[in-house]
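What follows is a short report on a single structure.
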Amino acid sequence: MATVTRLDPDTAWAAFMRRDRSWDGQIIGAVKTTGIYCKPSCPARRPKREHVEFFASGEEARAAGYRSCLRCKPDEVGRDREAVAAAVKLIEQAEAAPGLAELAEAVGYAPHHFQRIFKRDLGVSPAEYARGLRNRRTEQALKANGRVTDAVYDAGYQSPSGFYDDAKERLGMTPSAWRDGGRGETIRWTTFDSPLGQMLIAATSKGICRLTFDDSDASLRRLFPNATILGDEGGLKALVEGALAAIERPLAMPDLPIDVAGTAFQEAVWRELRKIPAGETRSYAEIAAAIGAPRAVRAVGSANGDNHVCVLIPCHRVIRSDGSLGGYGGGIDRKKKLLAAEGHAVAEPELPLAD
């Protein structure tokens with residue numbers, strides 16, 4: 001049997017059984033009794049497991065003597081990728097973000113179908129990709145010339161109101177604060193002792209913007225060099241108690257407000273992390289598939305590492321596909337303890353959570 005790239009045969013079979021479209025283009029299932037190969041989302045009735053072998057591509061399947069399924073047309077996945085690449089180029093070259101119908105027509109797809117394949121490949125919709133691109137361009141323009149109005153139009157917004165709406169949604173700060181490293185924002189912080197060691201917690205008026213191990217306010221000043229950063233003398237008590245509860249009683253952790261922002265892709269990863277129930281884990285590949293970007297395993301790892309609010313956005317619940325724990329910003333021992341406190345069998349800590 002051919003080796004499937006980054007995917008074991010059992011996982012490949014599971015993807016075929018659930019007709020998982022997100023794995024189209026990543027794996028090929030070939031049926032020995034018919035001599036036909038298909039993509040995972042093929043609607044045909046499933047053969048017996050022992051009659052199926054898996055390949056990384058249609059080319060490998062053809063080399064092994066199989067022919068393409070006329071029903072699901074697995075080789076057209078390459079055409080999908082070319083269409084997505086063409087749409088990305090159109091978005092990046094356009095002065096104003098093109099609509100979904102315009103993009104789909106330009107690449108020869110129905111709008112609803114193109115929306116699905118775009119998100120499958122990149123993890124975000126065309127509109128989210130365009131918004132993220134505009135935000136990055138605006139940030140660069142704001143830093144370069146300091147004029148919000150000029151930056152808004154230079155980035156491709158049709159009006160200042162569109163930029164203000166995006167800024168509120170994605171940054172949790174005003175455009176001026178974004179332009180000037182947090183100017184106008186007040187961030188309060190404190191440190192506290194937890195069963196896992198000292199932690200720093202910081203919050204804006206909207207919620208927790210940083211929760212980290214062995215940290216200091218220096219990291220806040222690097223992230224928000226022009227914000228007003230104040231040591232707290234008790235006002236963060238409720239948030240500290242909530243963070244401790246999340247560590248000590250993860251199965252009944254409170255719903256705490258969080259104020260973080262990243263790229264559209266990062267935010268998609270962080271949202272998916274928050275869906276992982278306590279006591280369960282996911283692999284980087286599973287997170288990538290869940291957000292519709294199965295090829296973006298490394299990017300998922302990077303987004304996982306860029307998480308500023310540990311425990312509450314539970315990046316500790318992401319492990320490698322082989323079952324090993326992988327890394328953790330707070331140290332592997334802390335990751336073991338966090339998982340063990342949630343009842344994860346493979347993560348026995350060397351010391352009890354509450355020493």
Steps toward side chain to side chain contact (heavy atoms under 4.5 Å, CB included) verdict (Val31, Tyr37): CA-CA 6 Å; Val31 184; Tyr37 66 87; over 6 Å; no
Salt-bridge test for [X] and [Y]: reply yes if a basic N is under 4.0 Å from a carboxylate O, no otherwise.
X      : Y      : value
Arg221 : Asp217 : yes
Asp75  : Arg62  : yes
Asp232 : Lys237 : no
Arg282 : Glu272 : no

Quick one, [X] and [Y] - any side-chain contact, counting heavy atoms below 4.5 Å?
X      : Y      : answer
Pro40  : Ile27  : yes
Ser321 : Tyr284 : no
Leu230 : Trp189 : no

Whether over 12 other heavy atoms sit under 6.0 Å from Gln198 CD: yes
Atom of Ala30, atom of Phe55 and distance for their closest heavy-atom approach: CB-CE1, 3.7 Å
Least distance between heavy atoms, Arg71 atom then Ala44 atom: NH1-CA, 3.6 Å
Under a 3.5 Å distance rule, please check whether [X] uses its side chain to pair with a backbone N or O of [Y] as donor and acceptor.
X      : Y      : value
Arg334 : Leu196 : yes
Arg19  : Cys42  : yes
Gln115 : Pro111 : no

Verify same cluster id: Ile313, Ile291 (apolar side-chain graph, 4.5 Å): yes
Candidate pair Leu200 and Arg210, rule side chain to side chain contact (heavy atoms under 4.5 Å, CB included), full reasoning: CA-CA 7 Å; Leu200 175 140; Arg210 192 160 179 82; 4.2 Å; yes
Modelled atom types, side-chain donor and acceptor of Tyr328 and Asn304, under 3.5 Å: no
No-hydrogen, no-angle side-chain donor-acceptor test under 3.5 Å, Tyr66 and Glu53: yes
Centroid-centroid distance, Phe265 to Tyr129, less than 6.0 Å: no
